[in-house]
Amino acid sequence: MSKELKTTWRSPSNIALVKYWGKKKGVQIPANPSISFTLEQCYSETTVTLTPKPRKSKEILLQFYFDGKANMAFQLKLLRFFETIRRDFSLLHTHSLLIHSTNSFPHSSGIASSASAMSALALCLCDLQQQIDGKPMKEAAFFKKASHYARLGSGSAARSVYPLAAVWGKTTALRGSSDLVAIPVGDLLHKDFRTYQNTILIASSAEKKVSSRLGHSLMKTNPYAKTRYAQAQSNLKTLLTALRRGDTETFGTIVEQEAMTLHALMMCSHPSFILMAPSTLQMIEKIRSFRNDTGLPVYFTLDAGPNIHLLYPKSISKKVDAFIYAELEQHCEQGKMIHDHVGQGPRRVVNN
Ligand code: PMV
C-alpha cells in the first residue's frame, strides 16, 4: 500500500426547521430531535489526500488548507476531532492527511458552515477508509456511517448527508430515529416541499460572537430548558404531518416559532447574548406585513446568527423575488443574499 489516495466530496449545509439547541450527557447527544431541509447552493467542497507514512506511528499527521491557505486554527480543531475517532479509522495511523476545503459561502456567518464542512470531511474519511479496507459498503450503510462521524464533528452536520430533509434525534413520531445518526425523510415530503425555496438574506457576514458550542452548553442552566425540549418534540410531530400534507401554513407557523424560540433562549441564557442584528428585526417586520397583506405563505427562519432564511414555495418565486428586491435587499449587508433551495444532498466529485 504505497500509493497516494485521494477523494473529493461536495456536501451541503442544511437549515434546521425544528432546532437542535442543547445537549444531553454523552458525546454530541441532542437534548431534542431536530429536522432540516438540505440546501443546494451552500456547500463545502473537501479533498483529502492520503500519503502512506514511512512507518506506522501514533502521531496524526495533518495539514489543513482553507480556501488555498494554511489554516492553523481549523487544523488544531480537526486534530482534536481526529484524536476522538482514531480508533475507528486505521488511515489515521497509516497515512498522513492533506486536506483542502472551500465553502461556497462565508463561514461563521450563521449559515451552518460546520454542517457542510464536517459532513464533507466525514464523507471523505468514510470513502477513503472503505477504499483501504477494500470492502465496499451498501449505500445506506455508507451514509449512516458518514452521518455518525459528521455528528461527532458537529451535531447538525449529521443531517447534511441526506437529500431533501433529515431528522436527527430520537422521536416517537419516526421509526428508526436516533440520537446517534440522522435519518433521511425526503421521501415523506409533499411535492411542494421538495422544491421549496430558501433565500438567505445576509444581515451580516461577520463572524459570530458566541459559538454554538457555548450556546448549547448554556442550555444546561437555562430556566426554560425543560419546556423547550418538550416543545421541540411536539413541534417535530406537527411539522412532520404538515410536511406530508403540503400544509404551508402550519409549516410556516412552526418554523417561525422555532426561530424566535432559539433566539429567545439565547437572550435568556446566563450570560445572555443576542445574535440578531437590527436589520434582522426590520426584515422580520416586513416579512410578516407582506404575508398579512398578500396571504402568500412566506415565512422565515433563523440559524444561530443574524441572517434571515426566507422559506416559500417555488410556485410564488416571482412575487417573492419582487418583494425581496423592493423591501428586503436594502437591509442586507451590501445587498448580499443567496438564492438557495431544497437540495439533492452530497456527491462525490470525480476527476479530481
Ligand atoms: O451543529 P452545531 O453544534 O453547530 O449546532 C447547530 C445549532 C443550530 O444551527 C442553531 C440549530 C440546528 O439544529 O442546526
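We count ligands from 1, going down the list as the structure has it; atoms in each ligand are counted the same way.
Under the 4.0 angstrom criterion for non-hydrogen atoms, H216 is in contact with ligand 1.
A donor-acceptor pair shorter than 3.5 Å can be found between the side chains of N103 and S44.
For the side-chain contact (heavy atoms from CB on, under 4.5 Å) criterion with S269, the lone passing option out of T221, N222, V210 is N222.
In S156, the parts holding a heavy atom less than 4.0 Å from any atom of ligand 1 are both the side chain and the backbone.
Taking distance alone, with nitrogen or oxygen atoms compared against 3.5 Å, K19 stays at or beyond that limit from ligand 1. For ligand 1, the polar-atom distance check against D303 finds a nitrogen or oxygen pair separated by under 3.5 Å.
Between R80 and E83, no side-chain nitrogen of the basic residue sits less than 4.0 Å from a carboxylate oxygen of the acidic one, so the salt-bridge criterion is not met. A salt bridge links R228 to E258: one of the charged nitrogens lies within less than 4.0 Å of a carboxylate oxygen.
Listed by number with element, the atoms of ligand 1 under 4.0 angstrom from any heavy atom of G155 are 1 (O). Atoms of ligand 1 found under 4.0 Å from any heavy atom of S114 (numbered from 1 in listed order, with element): 4 (O). Ligand 1 places these atoms under 4.0 Å from at least one heavy atom of A16: 12 (C), 13 (O), 14 (O).
Counting heavy atoms from C-beta on, the side chains of Q41 and H339 never come closer than 4.5 Å. Counting heavy atoms from C-beta on, the side chains of F89 and I60 never come closer than 4.5 Å.
Of the candidates R159, E258, M266, the one placing a heavy atom closest to atom 14 (O) of ligand 1 is R159.
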